[in-house]
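Working notes, structure below.
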Amino acid sequence: MKIKNIITLLALCGTLTSCNEYLDEVIYSELVTENAFVTQSDAEASVNGIYKMLNSSGYGLYCTQVLLMQETSTDVNCKINNKYETLSWTNLDQETENTWSDFYTMIKRANTAIDNIPKIADSEFTKKNEETKQDLKKRYLGEAYFLRGFAYYMLSDLFYKVPIITDSEEDVFKEKKLASIEDIELLIESDFRQAIDALPNRYPGNNEAGRVTQGGAYGMMCKLLMRRAARNKDAKEWANALTFCDKTLEAGYELLPDVWDVFNPANKYNNEIIFDVKANENSVSGSSAIGMMFTPWSYDCGWDNMAIPLEFAWTFDPEDQRLKKLILTQYGNVYNSPEPESETNFKQYFFAPMSLSQVGTLTEETSSHRNNEMREVCTQKYKYTKPLSYNYYTGNNFVILRQADVILCKAEILNELNGPTQEAVDLINMIRERAFGNNTHNLVLAAFNDKLSFRRAICNERAWELNNEGHRRSDLIRMGLWKEKLGLYINTLTKRWKKFEEAGNKGASDNAKVYPTDLTDDLMYYPIPKRETDLNPDLLNNRP
């Protein structure tokens, strides 16, 4: 099979390693049949080019796009009057179009690697780490299979039915037809199984951090089977999901002692993380801007592009460390002078109302300072560590899968199989004991009468633990709680803006009028971009 199209494969050491100096970007361009896929370096470059799409130019899939589509469209992330926040997106939205294109570019690159790496002679491979030549070649193929399966998993999670392209000779951006969700999931399952057979349990050191491991493939297989089991209400699939969940939990990862340890920028290679998108602050092309996305300029020179709604912050227990350490609820202006307060040193402080009753009561001004009422709070999971430096090459990683997520998945699977059990409650309490530092806030089995009541508790725990990590929309749909949770959120938000207007902020209640009053099933999934449906109107029928 010849490679008809010129391809560009990016081998970015800065994306996948932890080097301390700026790293040159190695670009493999104009690779055609005469010079492509001859050496081990060609194989590695092709696979690195697939990974690169996860952090494309620092602003891509796992910086803003996935967060907008998976989190801002729910009750745990907001941007006032944003089209994703108000569920008012269309098939013309740039972020949705970019997400579609980026995942299909991943697929195109993966297809190229899968079709051509086998052609490279085994003799071209040298031992890397402890791998044999054959194992290394097999591993590169396993990574390509995993990343293709992951791209199809995310596309079908966002858009439901999508076209299947597995031939590197076929242009993923030309006319194509929708596949059934069943066929898409069979392909994803096959790709993940190929990856499981080929991937190592670990990579030595941090030199190849960011590459998927066998544990990551187990974990994503578990998530795929959970999705299918929930949609089909299939006990056998739930049992299959449990098998892969247990394999993930046995892969050697751990729950860290403190929740901040997971997200501390100084601890980015920690053993709770199973699969993540690595960023390198010492490489322009390998860095990520996600550290700038959440917090306001007055706090750390952030860009305030996304935040956490007050309504979600109010659901936390005040003693929960996931609130205290991971959510910004008050701060002083970063430009405040460190000098003592005086008439000439006017200071600004910002406080979030931590209940509906506090809304509209926190703004006041004296001769020496002003207290400002925050209308949203911010996650610290992507903490920007360079305020006032105006250096936006950040090394914040984006965690896609971690041990706490898998523990909560097991609790959910057990509940769907058997209803509330002590084993499932104990799993949630592992997460809660870390969050509170004690067992006095543990759940009690007797509090749950049926699967639905316990499912709601798991859903809440996943929100408190995993918010703004790209899971919320998928969780709500899988658990059958999408309408319930979003309806409650919109109702509470409406009350908040009304209360704010009553406090003297004329027109504040208009902020709630842009939210839908009827949460239709169509809003669970996104429309395929118009440029694609113009090529093939069949793509208009992608949603269930």
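All values reported here derive from a predicted model rather than from experimental measurement.
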Spell out, as yes or no, whether a donor-acceptor pair under 3.5 Å connects the side chain of [X] to the backbone of [Y].
X	Y	value
Asn542	Tyr160	no
Arg543	Tyr525	yes
Asn371	Glu365	no
Lys386	Tyr393	yes
Glu373	Leu362	yes
Asn429	Arg432	no

Verify the neighbour count for atom [atom1] of [X]: are there more than 12 heavy atoms of other residues, nucleotides or ligands below 6.0 Å?
X	atom1	result
Lys451	NZ	yes
Lys79	NZ	yes
Lys498	NZ	no

With a 4.5 Å limit on heavy-atom distance, are the side chains of [X] and [Y] in contact?
X	Y	answer
Pro163	Leu539	yes
Glu376	Asp304	yes
Asn467	Lys381	yes
Asn98	Leu61	no
Ile273	Lys268	no
Ile400	Asp276	no
Val406	Cys245	yes
Ile407	Ile431	yes

Can you sort out the partners of [X] under salt bridge (Lys or Arg N to Asp or Glu O under 4.0 Å), two or more places apart, ordered by chain and number?
X	value
Lys233	none
Glu85	none
Glu272	Arg402, Arg434
Lys83	Asp93, Glu95

Sort and list the pairs that fulfil salt bridge (charged side-chain N to carboxylate O under 4.0 Å, His left out) and have at least one residue in [range], not counting sequence neighbours.
range	answer
residues 305-329	Asp258-Lys325, Glu311-Arg496, Glu319-Lys324, Asp320-Arg322, Arg322-Glu461, Arg322-Glu465
residues 290-301	none
residues 507-516	Asp510-Lys513

*Under the side chain to side chain donor-acceptor pair (under 3.5 Å) criterion, do Asp102 and Thr99 qualify, and how do the steps go?*
CA-CA 5 Å; Asp102 286 351; Thr99 299; over 6 Å; no
Return the minimal non-hydrogen interatomic distance between [X] and [Y], and the atom names on each side.
X	Y	answer
Leu476	Cys459	CD2-SG, 3.6 Å
Tyr515	Asn511	CE1-O, 3.2 Å
Asn55	Ser287	ND2-O, 3.3 Å

Go through the side-chain N and O atoms of [X] and [Y] and say whether any donor and acceptor fall under 3.5 Å apart.
X	Y	result
Glu433	Asn438	no
Glu501	Ser509	yes
Gln70	Arg473	yes
Asp157	Ser474	yes
Glu71	Asn77	no
Trp464	Thr315	yes
Arg472	Ser73	no
Asn396	Thr394	yes
Asn491	Thr494	no
Asn372	Arg370	yes

Charged N to carboxylate O below 4.0 Å: is that the case for [X] and [Y]?
X	Y	value
Arg455	Glu412	no
Arg478	Glu416	no
Lys485	Asp75	no

_Ring-ring centroid check Tyr384 Trp303, cutoff 6.0 Å_ = no
Tell me whether the rings of [X] and [Y] are parallel (<30°), tilted (30 to 60°) or perpendicular (>60°).
X	Y	result
Phe275	Phe150	perpendicular
Tyr331	Tyr299	perpendicular
Tyr526	Tyr84	tilted

Holding to ring pair (Phe, Tyr, Trp, His ring centres under 6.0 Å), I want the full list of residues that pass it with [X], two or more places apart in sequence or in another chain.
X	result
Tyr382	Phe294, Phe398
Phe159	Trp100
Tyr253	none
Phe263	none

*Please name all residues satisfying side-chain hydrogen bond (donor to acceptor under 3.5 Å, both in side chains) with Arg456, sequence neighbours left out, ordered by chain then number.*
Glu484
*Between Tyr153 and Arg227, is there a cation-pi geometry (under 6.0 Å to ring centre, at most 45° from the normal)?*
yes
